[in-house]
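As the structure is a computational prediction, the values presented were derived from the model and not from experiment.
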Amino acid sequence: MNLGYACINMSLSKNLPRGQKKVTTNRSMIKRTYLQKGVAYASELSLKNCEDLEKIIEWNEQNNIKFFRMSSELFPWASEHGIKALPDYERIAEVLHRAGNKAKQYGQRLSFHPGPFNVLTSNKENVVLNTIKDLSIHGEVMDLLDQPRTPYAKINIHVGATYGDKPAALARFCENFHRLPESVKTRLTVENDDRASMYSTRELVEKVHSRIGIPVVHDLHHHTFCPGGLSAEDAIGLAVKTWGDVKPVIHYSQSRAEEQGDPSIMAKAHSDSYWLPVETYGYDVDVMLESKRKELSLFKMRELLGQKG
DNA sequence: CATGGTCAAGTGGCA
DNA sequence: TGCCACTTGACCATG
């Protein structure tokens with residue numbers, strides 16, 4: 001079992017000497033700045049983000065971490081101009097090629113989890129078009145990283161919405177799936193939701209995987225809010241079977257409200273760290289840890305599991 | 001240099 | 001109605 005963490009490395013930016021820039025792949029800008037500075041500045045930020053992604057991959061290797069979720073903010077405003085339009089495209093492609101091949105050489109799994117604005121269920125054509133655009137960029141970056149076109153390099157999203165009519169929403173999801181480019185279709189996965197009214201792992205397996213064949217990511221924390229009538233063990237069992245030859249991924253987090261002893265915090269909010277080891281019921285899976293303290297809580301989880309670093 | 005208000009996109013739940 | 005929470009805090013103007 002490989003443990004992974006998401007998007008941000010705290011260690012590389014901690015206790016920096018004066019003047020030294022922090023290592024981050026989330027450089028962004030507000031709309032006003034984008035309108036003022038345009039593609040040139042977007043390119044500058046994108047290149048720096050990609051260079052820092054390579055640094056994080058190196059750091060992960062030094063710390064024996066084999067699973068990392070990349071930020072969806074690597075390319076700020078890319079949905080407006082595309083990646084190929086960036087003045088630094090050649091250099092960016094070079095950096096990503098090198099970074100991705102290092103990840104492969106180190107046996108590191110890379111993934112994406114595009115944001116909640118990606119709604120393939122929408123009945124608004126414009127929302128679907130924006131979703132296709134955003135997902136396509138994720139697929140393009142995976143290609144530039146030389147990652148396999150399989151769910152090993154997964155691009156994971158939620159079904160997104162019900163609009164009070166799940167069958168119709170799921171039908172639109174499956175139809176719109178076929179409008180995605182191969183770079184996305186071959187890597188796309190769906191994750192269970194954290195609200196009872198939304199989609200459980202069981203529904204995703206029965207209504208999405210069965211129709212379009214994409215694997216289901218089972219989030220253990222979400223499952224407690226939307227169990228779909230299944231135990232955690234049974235739900236994992238169902239999800240794991242959707243992955244074929246590829247090692248399945250599950251998500252794990254704990255409740256922030258419980259961690260902080262503050263019932264006013266929404267139960268579904270993620271904790272800073274962990275106090276319970278993840279239960280995988282004997283399945284051979286990779287576990288994406290979703291906690292605020294990132295790789296620091298990954299180390300905590302290693303202790304809880306008795307794993308060696 | 002530190003701080004705090006503000007920030008592209010969609011949806012649903014809660015005060 | 002408006003905020004929060006999702007994938008992840010970071011940007012930017014002001015003092």
All side-chain contact (heavy atoms from CB on, under 4.5 Å) counterparts of Asp143(A), not counting sequence neighbours = Arg149(A), Ser183(A), Arg187(A)

Who are the side-chain contact (heavy atoms from CB on, under 4.5 Å) partners of Thr33(A), not counting sequence neighbours?
-> Met29(A), Ile30(A), Lys37(A), Tyr41(A)

With pairs defined as Watson-Crick or G-U wobble and both distances under 3.5 angstrom, please note down DNA chain C as a dot-bracket string, | for pairing with another strand.
-> ||||||..|||||||

salt_bridge(Arg109(A), Asp286(A)) N-O dist < 4.0 Å | yes

For Trp243(A), check ring-ring contact (aromatic ring centres under 6.0 Å, His included) against everything at least two apart and list the hits.
-> none

Restricting both atoms to N or O, compile the protein contacts to nucleotides 12-15 of chain B shorter than 3.5 Å, with distance only.
residue, atom, partner, partner atom, Å
dG12(B), OP1, Thr162(A), N, 3.1
dG12(B), OP1, Thr162(A), OG1, 3.4
dG12(B), OP1, Tyr163(A), N, 2.9
dG12(B), O4', Arg195(A), NH1, 3.0
dG13(B), OP1, Ser197(A), OG, 2.2

Rounded to the nearest angstrom, tell me the gap between atom CD in Glu191(A) and atom C1' in dT8(C).
-> 14 Å

Does the distance from a Lys or Arg side-chain N to an Asp or Glu carboxylate O, for Glu94(A) and Arg91(A), drop under 4.0 Å?
-> no

Is Lys102(A) paired with Glu61(A) through a side-chain N to carboxylate O contact shorter than 4.0 Å?
-> no

Residues at least two apart in sequence or cross-chain that pass ring-ring contact (aromatic ring centres under 6.0 Å, His included) with Tyr5(A), listed by chain then number, are Phe68(A)

Qualifying residues under side-chain contact (heavy atoms from CB on, under 4.5 Å), relative to Glu279(A), sequence neighbours excluded = Tyr281(A)

Which atom pairs link the protein and nucleotides 9-13 of chain C when you take only N or O atoms and keep those under 3.5 Å?
residue, atom, partner, partner atom, Å
dG9(C), OP2, Lys292(A), NZ, 3.1
dC11(C), OP1, Ser28(A), N, 3.2
dC12(C), OP1, Thr33(A), OG1, 2.2
dA13(C), OP1, Arg32(A), NH1, 3.1

Check DNA chain C against residues 50-57 of chain A and give the residues with a non-hydrogen atom under 4.0 Å, in numerical order.
-> none

What residues 213-227 of chain A contributes to the DNA chain B interface at heavy-atom separation below 4.0 Å is none

Assign the ring pair His221(A) / His270(A) to parallel, tilted or perpendicular, where the plane angle (0 to 90°) is split at 30° and 60°.
-> tilted

Does the side chain of Met198(A) come within less than 4.5 Å of Phe225(A)'s, by heavy atoms?
-> no

Within residues 74-88 of chain A, find the residues that approach DNA chain B with a heavy atom at under 4.0 Å, and present them sorted by residue number.
-> Trp77(A), Ser79(A)

May I ask you to decide whether Arg27(A) forms a salt bridge with Glu73(A), counting only side-chain N to carboxylate O separations under 4.0 Å?
-> no

Indicate whether OP1 or OP2 belonging to dA8(B) is found under 4.0 Å from a side-chain N or O atom of Lys133(A).
-> no

Under a 4.5 Å cut-off applied to non-hydrogen side-chain atoms, are Lys292(A) and Arg256(A) in contact?
-> yes

Under the salt bridge (Lys or Arg N to Asp or Glu O under 4.0 Å) test, which residues partner Glu175(A), sequence neighbours left out?
-> none

If you measure from CD1 on Ile56(A) to CG on Asn63(A), what distance do you get to the nearest 0.5 Å?
-> 12.0 Å

Atom NE2 of His251(A) to atom P of dC6(C): distance rounded to whole Å?
-> 14 Å

Tyr252(A) vs Tyr274(A) aromatic rings, parallel, tilted or perpendicular, using cut-offs 30° and 60°?
-> parallel

